Q: 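This is the structure I want to talk about, given as structure tokens.
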There are 2 protein chains.
Amino acid sequence: MTAMDRYGYELPLLLAGAFRRIIDELHRRLAEQGHPDLRPAYGFALQAIGADGCTVSDLGRRLGVSKQAATKTTAKLAALGYVDRTPDPADARAVLLTVTPHGRAALTESARIFEELRAEWKKTLGATRLRALEDDLAKLTPSETPTPLIDLPGWFH
Amino acid sequence: MTAMDRYGYELPLLLAGAFRRIIDELHRRLAEQGHPDLRPAYGFALQAIGADGCTVSDLGRRLGVSKQAATKTTAKLAALGYVDRTPDPADARAVLLTVTPHGRAALTESARIFEELRAEWKKTLGATRLRALEDDLAKLTPSETPTPLIDLPGWFH
DNA sequence: ACTATTTCGGCAACCGGGTTGACGATCGAC
DNA sequence: GTCGATCGTCAACCCGGTTGCCGAAATAGT
């Protein structure tokens, strides 16, 4: 019973469309909540720095990018007031990145919006279908990808 | 029964991961089949030009990017031998883009690989689950997005 | 028929997020 | 103490986009 199978090329389109939709919607709502300047890339970085903070090199490793790229991102993050850069007392070479209260606010707001969006999907799809969707996607995205989205922009090698 | 719902932030990660996986795998196999230099962006453009060809401006409109961007892409596509640029006999301003045999080969090969990949997903998920997944994704990506993936790279506004 | 407006394509400059290469400064091991 | 690894940064570049501007050609208006 192969009646009406979709074309293979539709799958990536659907995945990309759904992804874009979530991210766009997230940032639309974040902008409304007082974070209009938090670009997706910054959000990921902020998340990666986390409550405990880390150094620039750490951040680079966590995001799977070079230290140079991490330096650039943190510069912007700092300029926007989302993180503080303080010298590491234990290592004179290192710079400690810590999330500011403003940054923390953005993180909690993000988490809230993500749950909000998932709740909306749940309403449209039903709890069972949504969970099935997540499980199926997980099944097809082996652990292999540590930070699957970070190099999305540059994933055109 | 809300036992063990996933976090809201996992959904976009799963979507992005799955998308990346498909595209990466597509281009890995394309490279094996003699198209190592066909970047994802070029593939989309090639697809957009299509069997009938079009002008540079057309291409820009189809991809949802500026004519300048379309010009740049076609220049690379032409340099790689995937398209021909010929003057339009009916309009001295226009340039006609046509897919070369090499380009046509890449397109058919892409289509084949997409079906191959979908078949693999089908094997892992089962026909029913796969179709459910596609339908659910479609449900959440309203028509609103004409070319959902093209400005993925630049979707950081 | 002759303007006036639109459209076509390309040039130049820039942006955002990446890369590599080189570098001085510091740390840690021996 | 010296030497190799690591820390963060500067500079230059890549890639896919953008806007602004332009001349040349097509089309509309009268």
Side-chain angles (χ1 to χ4, degrees), chain A residues 16 20 23 27 37-46 48-49 53-80 83-98 147 149-157, chain B residues 16 20 23 27 37-46 48-49 53-80 83-98 147 149-157:
Chain A
R20 267 214 52 178
I23 297 298
H27 283 85
D37 43 13
L38 190 70
R39 318 288 255 58
Y42 305 166
F44 300 149
L46 208 53
I49 294 171
C54 65
T55 71
V56 172
S57 286
D58 282 342
L59 179 60
R61 280 186 290 263
R62 292 182 191 182
L63 293 182
V65 303
S66 62
K67 322 185 271 184
Q68 292 90 328
T71 302
K72 284 189 188 178
T73 303
T74 55
K76 284 168 190 167
L77 238 23
L80 292 171
V83 307
D84 276 338
R85 301 167 36 86
T86 54
D88 185 340
D91 185 341
R93 297 167 304 172
V95 170
L96 277 183
L97 306 172
T98 52
T147 38
L149 38 70
I150 290 319
D151 70 323
L152 249 192
W155 111 114
F156 309 80
H157 302 123
Chain B
R20 267 213 54 176
I23 298 298
H27 283 85
D37 43 14
L38 190 69
R39 317 285 257 60
Y42 304 165
F44 299 149
L46 208 53
I49 295 171
C54 66
T55 71
V56 173
S57 287
D58 282 342
L59 179 59
R61 280 187 290 264
R62 292 181 191 181
L63 293 181
V65 304
S66 61
K67 320 185 272 184
Q68 292 87 334
T71 301
K72 284 190 189 179
T73 303
T74 55
K76 285 168 191 168
L77 238 23
L80 292 170
V83 306
D84 276 338
R85 303 167 36 87
T86 54
D88 185 340
D91 185 339
R93 298 166 303 175
V95 170
L96 278 183
L97 306 171
T98 52
T147 38
L149 39 70
I150 290 318
D151 69 327
L152 248 193
W155 113 112
F156 310 79
H157 308 121

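Source: prediction; values computed, not measured. Throughout, protein chains are lettered first and strands after them, A, B, ... in sequence-line order, and every chain is numbered starting at 1.
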Q: What is the distance from CG of A:L77 to P of D:dG8, rounded to the nearest Å?
A: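 In whole Å, D:dG8 P lies 15 Å from A:L77 CG.
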Q: When the nearest nucleotide of DNA chain D is assigned to A:K72 and to A:D91 on a heavy-atom basis, which residue is associated with the more 5' position?
A: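 Its nearest nucleotide being more 5', the pick is A:D91.
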Q: Over all heavy atoms of both residues, which pair between B:K67 and B:S57 is shortest? Give the atoms and the distance, please.
A: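 Heavy atoms only, the tightest pair is CD-OG, 3.4 Å.
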Q: Nearest of D:dG16, C:dG9, D:dA5 to any side-chain atom of B:V95?
A: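 Of the options given, the side chain of B:V95 lies nearest C:dG9.
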Q: Base, sugar-phosphate or nothing for A:S57? Non-hydrogen atoms, less than 4.0 Å.
A: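 Sugar-phosphate, backbone atoms only, no base.
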Q: Please tell me which of A:K76 and A:A90 maps to the more 5' nucleotide of DNA chain C, matching each residue to the nucleotide holding its nearest heavy atom.
A: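 Per heavy-atom nearest nucleotide, the more 5' residue is A:K76.
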Q: Identify which nucleotide among D:dA24, C:dG17, D:dC7 has an atom closest to any side-chain atom of A:R39, counting heavy atoms from C-beta outward.
A: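 The listed nucleotide nearest to A:R39's side chain is C:dG17.
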Q: Looking at A:T71, does any N or O in its side chain come under 4.0 Å of the phosphate oxygens OP1/OP2 on D:dG8?
A: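 So the side-chain polar atoms of A:T71 never come under 4.0 Å of the phosphate oxygens OP1 or OP2 of D:dG8.
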Q: Given atom CG of B:L63 and atom C1' of D:dT18, what is their separation to the nearest angstrom?
A: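 Atom-to-atom, B:L63 to D:dT18, this comes out as 15 Å.
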Q: Specify the closest pair of heavy atoms between B:Y42 and B:T73, including all atoms of both residues, with the distance to one decimal.
A: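 Smallest heavy-atom distance, with atoms named: CD2-CG2, 4.4 Å.
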Q: Could a donor-acceptor pair under 3.5 angstrom be found where the side chain of B:Q68 meets the base of D:dG16?
A: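 Answer is no: no donor-acceptor pair is held.
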Q: C:dC8 C1' sits how many Å from B:R85 CZ, rounded?
A: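 Value for this atom pair: 12 Å.
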Q: Given 3.5 Å as the limit, does a donor-acceptor pair link the side chain of A:R62 with the main chain of A:A48, or not?
A: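 A pair under 3.5 Å: yes.
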Q: Could you check how far CG of A:D88 sits from C1' of C:dG28, rounded to whole Å?
A: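 Answer to the nearest Å: 15 Å.
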Q: Under 4.5 Å between any side-chain heavy atoms of A:I49 and A:V83, yes or no?
A: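 Yes, at least one pair of side-chain atoms sits under 4.5 Å.
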Q: Take atom CZ of B:R61 and atom C1' of C:dT6, then tell me their distance rounded to the nearest Å.
A: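 Result: 12 Å.
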Q: Measure the distance from NZ on A:K67 to C1' on C:dT26 and round it to the nearest whole Å.
A: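 One finds 12 Å between C1' of C:dT26 and NZ of A:K67, rounded.
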Q: Closest heavy-atom contact between B:L96 and B:T55?
A: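 Reported closest heavy-atom pair: CD2-CG2, 4.1 Å.
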Q: Take B:T55 and A:Y42, find for each the nucleotide of DNA chain C with the closest heavy atom, and name the residue whose nucleotide sits nearer the 5' end.
A: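 Between the two, 5'-proximity favours B:T55.
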Q: Can you tell me the distance, in whole Å, between the CD1 atom of A:I23 and the P atom of C:dG17?
A: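 Nearest whole value for this atom pair: 14 Å.
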Q: Rounded to whole angstroms, how far apart are CZ on B:R93 and C1' on C:dG9?
A: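 Atom-to-atom, B:R93 to C:dG9, this comes out as 10 Å.
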Q: So which nucleotide from C:dG9, C:dT19, D:dT18 ends up closest to the side chain of B:A69?
A: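 Closest nucleotide to the B:A69 side chain: D:dT18.
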